[in-house]
> 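Please find one structure pasted underneath; my questions will follow.
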Amino acid sequence: MNLTEVHQEESCVFSNFSCLEVLTAADVLLYVSAAVVVTLTVCGNLLVIISICHFKQLQTPTNFLLLSLAMADFLVGVIVMPLYFTMLIDPQRCFDTMPCTIFNVAELYLTCISIYNVALIAVDRYLALSNPFHYSMKMTVNLTLRIIAILWLYSLIYNMLLLYFNGNITDMKANITCGECIVTVNKEWSIIDFITVFVLPCSIIIFIYLNIFSIAKKHANKIRSVRKCPKVNNSSMASESKAAKTLGVLVAVFLLCLVPCYVSAFLNVYFKNRSVNLAVSITLTLIHLNSSINPIIYALFYPWFQRSVKLILTLKICGTESSILNVLERET
C-alpha cells in the first residue's frame, strides 16, 4: 500500500466520522420512528400469521385470505420498509444494484398482491352473504389455498413482465440514483398497470361492497321483523353481517391509502413537477403504512385475534393440543 492509498483510506475514515457527527437529533428521531413502524408491521403481522396457522378453529377460507394479506404486509415490513425509510430519511445515501432490484420487485409485487387480496376478501364476503348455503358447500379451504397460490404466481409474472419490458431489470444501473431506486414505466405500460392493478380491482371492491351493505341491511331488517324465525338462522345472518362490516373497515382504510397513491403516481407519468412528486412521496408512504395499520384493525375489531395474541405472548401455544383451543368461544 503506497502513501496515496494510505491518505485516501484515512480521508475515508475521517469522512465516516464526520457523517456520524452530522447525524442530528431530528435524524435520530426519524430513524427511531421508522424502526418503531417497521417493528410494529413485522410483529403485528407475524402474530396474525401465527394465530391463523396454529389455531385450527381459525383455519377458514376467509381467514386464509387474511393470512395471505398478513403475509404480504409482513414481507413489506421485512424487505420494503427498511430501505424505503432509509431513502426517505437520508436522500444522499446511494445503493447498489442488487438492493434496488430487490426493493423494486418486492414493492410492486407485494402491492399488487395486497390489492387483489382485498378484492378477493370482498368477493368472499359477498358470496357468504348472498348465498350462505352454496358458499359453505363450495368455498372450501383447499379451493381458497389454490386461489391464493394463483394470485401470488400471477402477481409475480405480471410485475416481472412490467419491469422487464420497461428496462428495469436489463438496465437496472441506469435507474439508480442516490436517495432512490427508480422504476421507469413508459406511457403505454403505465395505462395498462393503472387499469390492471388499480381500476379493475378497486372497481370490483367498491361495487361488491355496495352490494354487501345492501344485503346486510336486508338481513338486519329481516332479523328485526321476523321474530319467529329459528334463533340459529337469525344468529347466522347477524354473524355474517357483522363479519362483512368488520372487513368493510379493513377495505375502507386500504382504499383510503391506495387511491391517492395510484392517482398521483399515474399523474406523475404525464405531469412531472415538484407538486406531483411531493404527492407521490407522501401517498407512497401512506400505502406502506397501511401494512402497519392492518394488525391494529384486527386487534380492535377481532376478539379471536385478541385472545390468540394473549395465548401466544403467554406461551400457552407451546402446550400440547394448544392448536385445538377455543378462541371463538365469546364470539357472537
Side-chain angles (χ1 to χ4, degrees), residues 30 33-34 36-45 48 65-85 87-89 103-104 106-123 125 151 155 159 180 183 190 193-210 212-213 244-269 275-302 305:
L30 287 172
S33 301
V36 169
V37 171
V38 172
T39 303
L40 175 64
T41 305
V42 173
C43 294
N45 286 291
V48 178
L65 292 174
L66 290 178
L67 174 64
S68 176
L69 182 61
M71 182 63 75
D73 289 337
F74 172 77
L75 292 175
V76 167
V78 171
I79 302 172
V80 177
M81 279 187 172
L83 197 60
Y84 176 76
F85 284 127
M87 290 187 290
L88 202 64
I89 296 168
F103 173 80
N104 287 337
E107 185 176 45
L108 292 174
Y109 178 43
L110 296 172
T111 301
C112 183
I113 287 172
S114 296
I115 293 169
Y116 274 95
N117 219 127
V118 172
L120 282 176
I121 289 171
V123 173
R125 286 299 85 201
L151 166 64
S155 298
N159 284 289
E180 58 182 337
V183 174
S190 68
D193 188 62
F194 187 70
I195 294 171
T196 305
V197 183
F198 176 70
V199 175
L200 181 61
C202 286
S203 299
I204 292 171
I205 292 167
I206 294 168
F207 175 77
I208 286 180
Y209 256 92
L210 288 175
I212 284 173
F213 285 118
K245 290 175 182 177
T246 302
L247 286 169
V249 175
L250 182 77
V251 172
V253 172
F254 182 79
L255 288 177
L256 286 173
C257 294
L258 178 74
V259 172
C261 180
Y262 261 84
V263 170
S264 58
F266 184 72
L267 291 175
N268 191 46
V269 176
S275 299
V276 176
N277 286 336
L278 179 61
V280 171
S281 179
I282 294 170
T283 56
L284 193 59
T285 303
L286 190 63
I287 199 169
H288 289 323
L289 289 176
N290 181 254
S291 297
S292 308
I293 296 170
N294 285 340
I296 297 173
I297 294 174
Y298 301 142
L300 291 175
F301 294 97
Y302 286 99
F305 181 60

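Keep in mind that the numbers below use all heavy atoms, side chains included, and drop hydrogens, waters and symmetry copies.
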> Has Thr196 got a side-chain atom pairing as donor or acceptor with Asp193's backbone, closer than 3.5 angstrom?
no

> Return the minimal non-hydrogen interatomic distance between Ile89 and Ala34, and the atom names on each side.
CD1-CB, 4.2 Å

> Could you report the tightest heavy-atom contact between Gly44 and Phe305, atom names first, then the distance?
O-CZ, 4.1 Å

> Nearest 0.5 angstrom please: Ser292 OG to Leu40 CG, how far?
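The distance works out to 5.0 Å.
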
> Taking all non-hydrogen atoms of both residues, which atom of Leu284 and which atom of Ile287 are closest, and how far apart?
O-CG2, 3.1 Å

> To the nearest 0.5 angstrom, please state how far the CD1 atom of Ile121 sits from the OG atom of Ser68.
8.0 Å

> Rounded to the nearest 0.5 Å, how far apart are CD1 of Ile296 and CG of Leu300?
7.5 Å

> Roughly how far, to the nearest 0.5 Å, is CG of Leu120 from CD1 of Ile115?
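It comes to 12.5 Å.
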
> Please lay out, stage by stage, how Leu108 and Cys112 fare under the test side-chain contact (heavy atoms from CB on, under 4.5 Å).
CA-CA 6 Å; Leu108 292 174; Cys112 183; over 6 Å; no

> Under 3.5 Å, side-chain donor or acceptor atoms of residues 70-85 against the rest of the protein: list the pairs with distances, not counting sequence neighbours.
{"from": "Asp73", "atom 1": "OD1", "to": "Ser291", "atom 2": "OG", "distance (Å)": "3.0"}
{"from": "Asp73", "atom 1": "OD2", "to": "Asn294", "atom 2": "ND2", "distance (Å)": "2.8"}
{"from": "Tyr84", "atom 1": "OH", "to": "Ser281", "atom 2": "O", "distance (Å)": "3.3"}
{"from": "Tyr84", "atom 1": "OH", "to": "Thr285", "atom 2": "N", "distance (Å)": "3.2"}
{"from": "Tyr84", "atom 1": "OH", "to": "Thr285", "atom 2": "OG1", "distance (Å)": "2.5"}

> Checking Thr111 against Phe198 for the side-chain contact (heavy atoms from CB on, under 4.5 Å) test, could you report, in this order, the C-alpha distance in whole Å, the side-chain angles of both residues, the deciding distance, and whether it holds?
CA-CA 10 Å; Thr111 301; Phe198 176 70; over 6 Å; no

> Please report the shortest heavy-atom distance between Val118 and Ile205, naming the atom on each side.
CG1-CD1, 3.8 Å

> Can you tell me how far apart CG (Leu210) and CD1 (Ile212) are? Round to the nearest 0.5 Å.
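So the gap between those two atoms works out to 9.5 Å.
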
> With a 4.5 Å limit on heavy-atom distance, are the side chains of Val183 and Glu107 in contact?
no

> Do Leu67 and Val48 pass the side-chain contact (heavy atoms from CB on, under 4.5 Å) test, and can you show the C-alpha distance, the side-chain angles, and the key distance before you say yes or no?
CA-CA 7 Å; Leu67 174 64; Val48 178; 5.7 Å; no

> Hey, are the side chains of Tyr116 and Leu200 touching, using non-hydrogen atoms and a 4.5 Å cut-off?
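Counting from C-beta outward, Tyr116 and Leu200 do come under 4.5 Å.
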
> Run the side-chain donor-acceptor check on residues 249-263: report pairs under 3.5 Å with partners two or more places apart or on a different chain.
none

